[in-house]
Amino acid sequence: MCRKFKVKDLGKPKMYLGMEIEKDREQRKIVLKQSEYIQRILERFDMPESTPQDSPMVTRQVKKLELKNPKKVKEMSQPFTGPYRVVIGSLLYLAGVTRPDIAYAMNLLSRRQVALTVRDFQEVKRILRYLRGTTNEGLVYRANESDMEVFTDSSFGDCESSKATSAYVIRIFGDTVAWRSKKQSVVNTSTCGAEYYATSEACQENISLDKALRDIVGRT
């Protein structure tokens with residue numbers, strides 16, 4: 001490229017679109033993370049010193065216990081007019097680049113764009129607290145294996161429209177390269193149907209990646 005175009009060699013890449021790139025040739029390892037990006041988000045929304053959380057969301061059991069407290073329900077149901085959409089937009093980029101661990105939580109919370117309540121923003125703040133404790137986490141690529149794996153899962157009727165949520169993670173050579181969490185477009189009548197739907201979506205993505213990989217490495 002230097003012979004054909006006028007370019008400037010800046011050396012090994014260390015940062016790209018908010019993504020930090022760390023290479024260790026001796027250990028044959030590449031790490032992709034967004035610790036600086038996360039720190040900027042925390043500072044922007046006044047949470048750089050917030051208390052870390054161990055998980056991005058609470059379980060259904062916790063929410064059911066809260067519903068038994070009328071005072072708590074009334075407090076959490078108050079209208080909210082803060083920067084909900086701005087936070088969601090910032091975190092969706094993070095979830096799609098280096099943090100699949102918050103993909104489900106972001107998919108769920110991004111559905112709530114109107115008639116926001118205090119509870120909605122409290123759940124967003126929990127994700128920020130989770131990121132506060134996992135700022136340096138990211139994707140690690142070692143290529144220790146030689147195959148492709150696909151993991152899928154599905155909920156059943158967890159959406160208000162009675163639809164389920166699909167999720168998949170695809171790993172190539174033992175490293176995570178693709179992931180997704182989304183609401184299914186049809187209403188399934190059983191957990192088995194929801195699981196098959198999730199598997200079908202994952203297989204479509206897997207076939208596409210497999211074809212691209214074969215072209216890259218020259219396999220038939």
Fill in: Minimum side-chain heavy-atom gap L91-I127 below 4.5 Å
yes
Worksheet item: Between OH of Y141 and CD1 of I172, what distance do you get to the nearest 0.5 Å?
Response: 9.5 Å
Worksheet entry | Flag if over 12 foreign heavy atoms under 6.0 Å of OH, Y196 | no
Worksheet, complete the sentence: Value for CZ (F45) from CG (L128), rounded to nearest 0.5 Å, stands at 7.5 Å
Discussion item. Using only atom types and a distance under 3.5 Å, with no angle test, would you say the side chain of N188 pairs donor to acceptor with the backbone of S190?
Written reply: no
Worksheet entry | Pair S35-E20, side-chain donor/acceptor within less than 3.5 Å | yes
Fill in: Inter-residue atom distance K33.NZ - I38.CD1, 0.5 Å rounding
9.5 Å
Discussion item. Test your reading of the model: is there a side-chain donor-acceptor pair from D24 to the backbone of K29, 3.5 Å cut-off?
Written reply: no
Item to complete: Using the side chain to side chain contact (heavy atoms under 4.5 Å, CB included) rule, pick out the option among T117, L109, V118 that qualifies with E123.
Response: L109
Practice prompt. Report yes or no: does W179 contribute a side-chain atom to a donor-acceptor pair with the main-chain N or O of A95 at less than 3.5 Å?
Written response: yes
Worksheet entry | Basic-acidic side-chain contact under 4.0 Å: D215, K211 | no
Practice prompt. Treating Ile, Leu, Val, Met, Phe, Trp and Tyr as nodes and any side-chain heavy-atom pair under 4.5 angstrom as an edge, say whether L17 and L94 lie in one connected cluster.
Written response: yes
Worksheet item: Do F156 and V186 share a hydrophobic cluster (ILVMFWY, side-chain heavy atoms under 4.5 Å, transitive)?
Response: no
Worksheet item: Between I21 and K14, is any pair of side-chain heavy atoms under 4.5 Å apart?
Response: no
Worksheet entry | Flag, side chain of T199 to backbone of E195, donor-acceptor distance under 3.5 Å | yes
Fill in: Between CG on residue L32 and CD on residue E22, distance to nearest 0.5 Å
9.0 Å
Discussion item. Under a plain distance cut-off of 3.5 Å, with no hydrogens placed, do Y168 and N206 share a side-chain donor-acceptor pair?
Written reply: no
Worksheet item: Residues in salt bridge (charged side-chain N to carboxylate O under 4.0 Å, His left out) with R132, at least two apart?
Response: E49
Discussion item. Testing D210, V169, I170 one by one against V150 for a side chain to side chain contact (heavy atoms under 4.5 Å, CB included), which residue passes?
Written reply: I170
Fill in: Interatomic spacing from CD in Q34 to CG in N136 - rounded to 0.5 Å
12.5 Å
Worksheet item: What residues form a salt bridge (charged side-chain N to carboxylate O under 4.0 Å, His left out) with D153, not counting sequence neighbours?
Response: none
Item to complete: Locate the shortest heavy-atom distance separating P56 from D101; write the atom from each residue and the value.
Response: CG-O, 3.9 Å
Item to complete: Establish whether V31 and I102 are linked, either directly or via other cluster members, by ILVMFWY side-chain heavy-atom contacts under 4.5 Å.
Response: no
Worksheet entry | Note, Y84 side chain near V124 side chain (heavy atom, < 4.5 Å) | yes
Worksheet item: Do side-chain atoms of Y37 reach the backbone of S90 as a donor and acceptor pair under 3.5 angstrom?
Response: yes
Item to complete: Quickly, which of K183, R180, K182 forms a salt bridge (Lys or Arg N to Asp or Glu O under 4.0 Å) with E201? Name it, please.
Response: K182
Worksheet, complete the sentence: Heavy atoms of T135 and R99 approach each other most closely as O-NH1, 4.5 Å
Worksheet item: Do the side chains of L209 and I216 join up, straight or via other hydrophobic residues, at under 4.5 Å, putting them in one cluster?
Response: yes
Worksheet item: Is a side-chain N or O of S208 found less than 3.5 angstrom from the main chain of E205, in a donor-acceptor match?
Response: no
Item to complete: Measure the CZ-OG1 distance between R129 and T134 for me, rounded to the nearest 0.5 Å.
Response: 14.0 Å
Worksheet item: Are T152 and C203 side-chain neighbours, meaning at least one heavy-atom pair lies under 4.5 Å?
Response: no
Worksheet item: For residues Y197 and S185, is any side-chain donor paired with an opposing acceptor at under 3.5 Å?
Response: yes
Discussion item. Tell me the closest heavy-atom pair linking S162 and V187, and the distance in Å.
Written reply: O-CG1, 3.8 Å
Fill in: Hphob cluster co-occupancy, V177 + M19, side-chain heavy atoms under 4.5 angstrom
yes
Fill in: Heavy atoms from other residues, nucleotides or ligands near CZ of R111 exceed 12 (cutoff 6.0 Å)
yes
Discussion item. I'd like to know whether S166 forms a side-chain hydrogen bond (donor to acceptor under 3.5 Å, both in side chains) with Q184, so could you lay out the CA-CA distance, the side-chain angles of the two residues, the decisive distance to 0.1 Å, and finally the verdict.
Written reply: CA-CA 6 Å; S166 297; Q184 296 183 358; 2.7 Å; yes
Worksheet item: Under the side-chain contact (heavy atoms from CB on, under 4.5 Å) criterion, do I41 and L131 qualify, and how do the steps go?
Response: CA-CA 10 Å; I41 293 176; L131 293 173; 5.8 Å; no
